[in-house]
Amino acid sequence: MARRVLFSLGHKWLQSTSLVRLSTTHVLPAYSYSLLIRPSSHSLIGNAGVKVVTVRKFEGSDDSKNKNPAEANRPVSTSATATQASSGGGETTPTASMIESVVGKVGDFNDGEMKEVEIGDKKALLVKESGQFYAVSNKCTHYGAPLTKGAYCKGVVRCPWHGACFNVKTGDIEDFPGLDSLQKFEVEVRGEDVVVRADPASLENNKRVKAMVRKAADNKKTVVLVGGGPSTLVCAETLRQEGFTGRVVLVSQENCLPYDRIKLSKAMSIKPEEIALRKADFYENNGIELMLGQQVESVSTSDKKLNLGSGESLGYDTLVLGTGGQPRRLPIPGIELGNVYMLRTPADANAIAENAVGKNVVIVGSSFIGLEVATFMVNKAASVNVIGRSSEPCGHVFGPQIGQWFRKLHESKGVKFHFETSVKEFRGEDGKVTEAVLANGETLPADVCVMGVGVVPATQFLQDSGVDLTSRGFVTVNKKMQTNVSDVYAAGDIVEFPLFTAGDQQANVQHWQMAHMHGRIAGLNIAGKPTDVHSVPYFWTVQYGKSIRYTGYGPGYDDVVLHGDVDEGKFLAYYTKADQVVAVASLGWDPVVSQAAQLLNQGGSISKAEITSEPSSWVSRLCQ
């Protein structure tokens with residue numbers, strides 16, 4: 001059995017030596033003892049796993065006397081090194097108590113392999129890479145997925161659920177979603193034993209916030225970030241992590257702290273404080289100013305000034321634009337009636353959830369937002385009708401067969417679809433909607449209507465700013481997230497940027513994960529660390545407890561190669577263009593999507609020929 005003991009380094013040593021027997025886990029008073037583990041033939045007694053240890057306690061406070069005499073001669077191979085905090089990340093801070101476990105023999109682990117190990121009653125991820133051992137938290141800092149079930153290659157582990165990446169040598173987050181890094185634990189090789197040592201508090205909390213600087217009085221520079229989403233928040237954190245000590249101001253038109261927006265269509269009763277990405281004291285402690293409830297009316301790049309709806313102006317030295325999308329509003333007669341909703345904010349989601357109970361709900365749009373809203377509503381509303389222009393839900397992204405699977409799944413729960421049609425008119429009484437008249441002549445009862453027909457970039461305020469916009473209103477940026485205007489950056493859903501997996505063609509990728517990465521890249525470049533964006537798109541949708549994962553860039557695919565059984569809800573789909581795979585989706589086939597993302601991120605490729613008969617032969621190339 002694995003031997004483990006909780007020990008603490010004391011301040012004094014006694015001149016006597018005594019033997020004590022510890023059970024599997026034992027705690028000594030932090031103020032008095034130093035525990036020396038002395039493996040021997042008597043280390044384990046019987047089946048109870050009792051461990052014989054030596055406890056020494058010497059009088060005196062001289063630092064030289066506080067040294068553990070066994071340490072100097074112990075053969076140690078340390079792969080998790082320094083234990084003091086550093087702005088570089090990847091370090092841990094020692095506390096009075098540590099917990100230690102022998103997690104196996106050196107020969108139990110192969111190079112390039114990760115295993116879940118126990119430290120006390122907690123679990124960690126242990127990796128052997130190039131003969132060295134590394135240990136970090138085993139749960140992803142985004143939604144807690146077990147990282148041992150993810151994709152690993154050359155020092156990087158990718159989450160099996162949503163694609164976040166972590167460096168196992170430092171614990172630092174390297175791709176997203178999520179904000180926090182992993183805890184890192186010390187690893188030693190003692191003889192043939194692999195020993196992991198950790199602060200109990202770090203084992204309890206798998207998340208680690210990287211060290212940040214604060215504002216300095218002598219730095220007069222100001223970075224203003226417009227928008228309350230992940231791109232601006234990650235940018236602000238990156239600036240502080242990378243040593244920027246000037247003023248950082250985040251301006252948002254919403255009155256609440258930046259929050260996990262993607263939950264709005266999945267848990268519509270949730271309150272903004274429950275999904276806040278950071279608590280209020282985080283911003284204060286790290287010198288990030290918040291200007292909430294402030295609408296930016298216009299930008300003067302020549303004067304480096306924002307004009308706010310309140311009549312105030314705000315100057316900047318560097319500007320980051322991350323305003324995201326706003327719901328597309330269709331020119332439908334009656335759309336101004338009460339209870340016709342656009343889903344954008346927590347207030348929108350809460351109002352829909354409250355007013356839809358026991359009522360007739362009509363959802364316009366059969367893509368992700370529409371289907372996730374239907375999932376939430378179907379067991380609460382009297383009826384749920386979904387209207388779509390296509391012939392199946394999400395078919396434009398996933399293809400017709402998976403689209404039909406979505407349809408059958410929702411119909412089995414009570415959702416009714418109306419395809420290849422649209423809403424011609426909303427009718428109402430007393431200012432509230434009561435009916436939706438369809439273009440095919442049908443009339444549906446409608447007490448609540450949710451418009452889920454996509455978003456348009458929220459960039460109207462940039463007209464006449466000098467910032468280049470496409471004909472669709474997107475901001476054009478380069479690989480460093482820079483616009484055509486000096487000292488103006490843009491990130492997230494509003495940009496078209498050079499996507500390396502698409503041959504550096506300008507692409508708009510409206511994924512939660514990519515918005516994080518854009519913010520990170522903008523922050524690095526503003527902080528004087530030139531970095532190009534290099535990330536594979538990754539998204540997911542959850543409906544009735546089933547999560548489909550998708551990676552790559554699929555627009556323009558010409559074929560879908562399917563493995564598994566779509567009707568049974570276990571499948572792997574490859575989207576191909578000519579002879580190359582451009583995207584991968586799966587349900588119940590983890591971690592293949594994360595493996596594909598990792599291979600593509602490394603510059604690898606998957607050919608159509610190799611996946612036609614064998615679904616995953618390419619995985620063997622992941623770490624070559």
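Positions are given from 1 along the sequence. In this text the structure is predicted, and so the values were computed from the model without any measurement.
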When every non-hydrogen atom of Leu239 is compared with those of Ala527, the smallest separation belongs to CD2-N, 4.2 Å
Could you tell me whether Arg549 and Asp590 make a salt bridge, using a distance below 4.0 angstrom between a side-chain N and a carboxylate O? yes
Which is it for Arg472 and Glu496 under the salt bridge (charged side-chain N to carboxylate O under 4.0 Å, His left out) test, yes or no, and what are the steps along the way? CA-CA 10 Å; Arg472 297 190 299 159; Glu496 288 189 356; 3.2 Å; yes
Any carboxylate oxygen within less than 4.0 angstrom of a Lys/Arg side-chain nitrogen, looking at Lys169 and Glu129? no
Is the His162-Tyr538 ring centre distance short of 6.0 angstrom? no
Decide whether Tyr143 and Asp260 meet the rule of one side-chain donor and one side-chain acceptor closer than 3.5 Å. yes
Note: Asp180-Lys210 ion pair, threshold 4.0 Å (strictly below): no
Run the salt-bridge test on Arg247 and Glu289 with the 4.0 Å N-O cut-off and return the result as yes or no. yes
N/O donor-acceptor pair under 3.5 Å between Lys529 side chain and Ile526 backbone: no
Please confirm whether the ring centroid of His518 lies under 6.0 Å from the ring centroid of Phe497. yes
Return yes if a side-chain donor-acceptor contact under 3.5 Å exists between Gln598 and Arg158, otherwise no. yes
Where do Phe166 and Gly171 come nearest, in terms of heavy atoms and distance? CD2-O, 3.9 Å
Pair Phe539 + Phe368: ring centers closer than 6.0 Å: yes
Can a salt bridge be assigned to the pair Glu254 and Arg261 using a cut-off of 4.0 Å between side-chain N and carboxylate O? yes
Testing the basics here: between Val234 and Gly519, what is the closest heavy-atom pair and its distance to 0.1 Å? CG1-C, 4.1 Å
Short question: side chain of Thr470, backbone of Phe474 - any donor-acceptor pair under 3.5 Å? yes
If we ignore hydrogens and angles and just use 3.5 Å, is the side chain of Arg240 paired with the main-chain N or O of Phe244 as donor and acceptor? yes
Are Lys184 and Asp172 close enough for a salt bridge, meaning some N to O gap below 4.0 Å? no
